[in-house]
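A short write-up of the structure that comes next.
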Amino acid sequence: MSPIAFDNSYARLPPRFYAAVAPTPVTAPRLIRLNVSLAVRLGLDPRWLSSPEGVAMLSGNGMPAGAASIATAYAGHQFGGFSPQLGDGRAILLGEVIDRDGRRCDLQLKGAGPTPFSRRGDGRAALGPVLREYIVSEAMAALGVPTTRALAAVLTGESVRRETALPGAVLTRVASSHIRIGTFQYFAARGDLEALRLLAEHVIARHYPACAGEGRYLALLEAVVAAQASLIAQWMTVGFIHGVMNTDNMSIAGETIDYGPCAFMDAYHPTTVFSSIDEHGRYAYANQPPIARWNLTRFAETMLPLLDGDLDKAVPIAQAALDRFDPQFQTHLIAGFRRKLGLATEEAEDVVLIKGLLDAMQDGEADFTLVFRRLSEAAGRDSPEACRNLFKDPATFDAWEGRWRERSQREPVPAEARRDAMLRVNPLYIPRNHQVEAVIETAVERDDFAPFEALVDVLAKPFEAQSGREDYERPPAVHERVLATFCGT
Ligand code: AMP
Ligand code: MG
């Protein structure tokens with residue numbers, strides 16, 4: 001009997017949706033970390049997963065019975081330019097399992113060897129990017145942001161050639177699905193209406209069952225727009241910068257996916273960019289909402305023939321659905337920042353109050369995460385000295401703080417309750433880029449994973465002050481700042 005009860009719905013779609021391919025075995029697999037709580041949630045046996053047989057699966061050396069073992073086909077706009085064929089060039093879908101809550105999840109090996117979609121790539125992943133994805137995706141999950149998860153990371157015992165030779169690794173990624181905007185684009189670019197329809201039906205049944213019935217394709221488009229409006233607002237409220245918001249990196253299910261040169265902002269600035277390949281700041285922090293809408297427009301284009309056989313009728317229908325993005329995003333964003341400021345009621349002027357703090361943070365080069373955390377700690381108590389000191393010129397903060405205090409007094413909730421609510425939404429720990437880079441360096445250079453493990457453990461409880469872990473709160477000192485991140489593909 002297979003140790004995993006696979007139920008592979010994507011592999012039951014027609015063969016042109018994917019290529020059947022086996023992972024390429026590696027010489028010396030070694031488990032770095034298994035996400036035990038996630039394994040349990042997925043109904044998988046952590047002991048089996050860490051056994052030689054389990055590690056063989058997690059490294060691509062042995063497939064359990066019932067695995068799908070496919071690389072999916074997709075296309076995508078990368079930095080604005082369209083590639084009609086990308087596909088899983090280094091990822092192999094093991095298959096789908098149903099978790100304890102009845103949710104269907106993909107299990108995918110990233111870095112499992114070449115596939116028919118590899119083009120010039122080697123199909124492999126270097127250790128650094130695998131650890132980065134593990135750390136940041138798990139941190140996002142702990143922050144409550146929809147995301148793919150990391151089930152395991154293994155070393156392959158082989159090296160991969162990038163600029164230098166680096167240790168190779170495989171990440172086991174868990175996602176609601178790996179269907180992207182680019183998956184729809186792949187079939188749209190081929191004029192394959194039948195496949196588009198099958199894909200849309202698959203997505204409705206799997207992710208948006210409430211859309212089923214009359215008018216379901218429009219309902220699907222609206223649901224994807226709504227999911228992304230909510231997701232991007234959540235990115236903005238935690239200071240997350242994805243870095244490569246290509247349409248092939250945008251999940252139809254509304255999860256954060258494909259962690260490459262992503263990073264969290266330290267000091268607040270709307271034009272912040274980390275990715276070394278994003279020369280023009282296309283995917284800068286403040287550009288994420290308009291880019292998401294741009295990507296959704298590409299999705300809507302693929303849906304036109306399903307919305308109406310007559311293109312002239314389909315276009316305004318799609319346009320109306322897309323027009324919902326901005327107001328929905330704004331609503332989520334303002335609600336998110338209200339919660340961060342401890343405001344349970346709504347006043348029209350709150351938008352100005354929020355903007356005022358962000359402007360002060362920008363002028364004062366203040367740390368985005370710590371400002372909200374220190375504000376929370378001080379709420380309804382003493383004067384927020386620790387917050388004030390985060391600003392280059394604390395006077396800019398004082399003016400704003402007076403307005404916030406005044407506004408807070410109109411809240412019906414007692415001060416202590418407001419404080420508790422703020423502490424539950426404003427994290428103390430985020431995956432700070434300099435810390436992520438440091439633990440990766442120690443792992444890559446010294447084969448020492450203890451700092452990686454410690455960082456992952458701290459980030460699992462981002463809202464809880466952990467004694468002895470004060471170092472993890474700290475923004476980078478000037479000499480520690482990491483200004484560029486690399487996807488390392
Ligand atoms: P990404 O930048 O990871 O979103 O990848 C963009 C495209 O390049 C996808 O089709 C990937 O499968 C492919 N790709 C990235 N790295 C590799 C690699 N090392 N080998 C083969 N294909 C890759
Ligand atoms: Mg990608």
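Counting starts at 1 for both ligands and their atoms, following the listed order. We number each residue from 1, following the sequence as shown.
- Within the coordination shell of the Mg ion (ligand 2), defined by N, O or S atoms under 2.8 Å, Asn249 is present.
- Ring centroids of Phe187 and Phe17 are separated by less than 6.0 Å, placing the two rings close together.
- Asp122 has no carboxylate O lying under 4.0 Å from a charged side-chain N of Arg161, or vice versa, which leaves the two without a salt bridge.
- At least one donor-acceptor pair closer than 3.5 Å links the side chain of Asn246 to the backbone N or O of Phe79.
- Under the 30°/60° scheme for interplanar angles, the aromatic rings of Phe368 and Tyr268 are found to lie parallel.
- Separation of the Tyr134 and Tyr259 ring centroids does not fall under the 6.0 Å cut-off.
- Ion pair Arg197/Glu194 not flagged as a salt bridge, since none of the NZ, NE, NH1 or NH2 atoms sits closer than 4.0 Å to an Asp/Glu carboxylate oxygen.
- Between Asp99 and Arg103 there is a salt bridge, since at least one side-chain N of the basic residue sits less than 4.0 Å from a carboxylate O of the acidic one.
- When ring centroids are compared, His202 and Tyr10 come within the 6.0 Å threshold.
- Classified by interplanar angle (parallel below 30°, tilted 30° to 60°, perpendicular above 60°), the ring pair Phe325/Phe329 is parallel.
- Residue contact annotation: Ser118 has a non-hydrogen atom under 4.0 Å from ligand 1.
- Under a 4.0 Å criterion applied to the non-hydrogen atoms of Gly121, ligand 1 contributes the atoms 20 (N), 21 (C).
- Between atom 14 (N) of ligand 1 and the options Gln78, Arg90, Arg180, Gln85, the minimum heavy-atom separation is to Arg90.
- On a distance-only criterion, Gly89 and ligand 1 share at least one N/O pair closer than 3.5 Å.
- Within Asp258, OD2 is the N, O or S atom that lies nearest to the Mg ion (ligand 2).
- For ligand 1 and Asn249, the ligand atoms under 4.0 Å from any heavy atom of the residue are 4 (O).
- At a heavy-atom cutoff of 4.0 Å, ligand 1 is contacted by the side chain of Arg162 but not by its backbone.
- Contact annotation: for Asp122 versus ligand 1, heavy atoms closer than 4.0 Å belong to both the backbone and the side chain.
- Proximity to Asp258 (heavy-atom distance under 4.0 Å) selects the following atoms of ligand 1: 4 (O).
- In this model, no donor atom of one side chain and acceptor atom of the other lie less than 3.5 Å apart for Thr297 and Glu301.
- Backbone and side-chain nitrogen or oxygen atoms of Lys110 are examined, and none is located within less than 3.5 angstrom of a nitrogen or oxygen of ligand 1.
- Using a 4.0 Å cut-off between heavy atoms, Arg119 contacts ligand 1 through its side chain alone, with no backbone atom that close.
- Below 4.0 Å from some heavy atom of Gly123 lie the following atoms of ligand 1, by number and element: 18 (C), 19 (N), 20 (N), 21 (C).
- Considering backbone and side-chain atoms alike, Phe117 places every N or O at 3.5 Å or more from each N or O of ligand 1.
- Between Asp88 and ligand 1 there is a heavy-atom distance shorter than 4.0 Å.
- Short contacts between ligand 1 and Arg124, defined as distances under 4.0 Å to a heavy atom of the residue, involve ligand atoms 19 (N).
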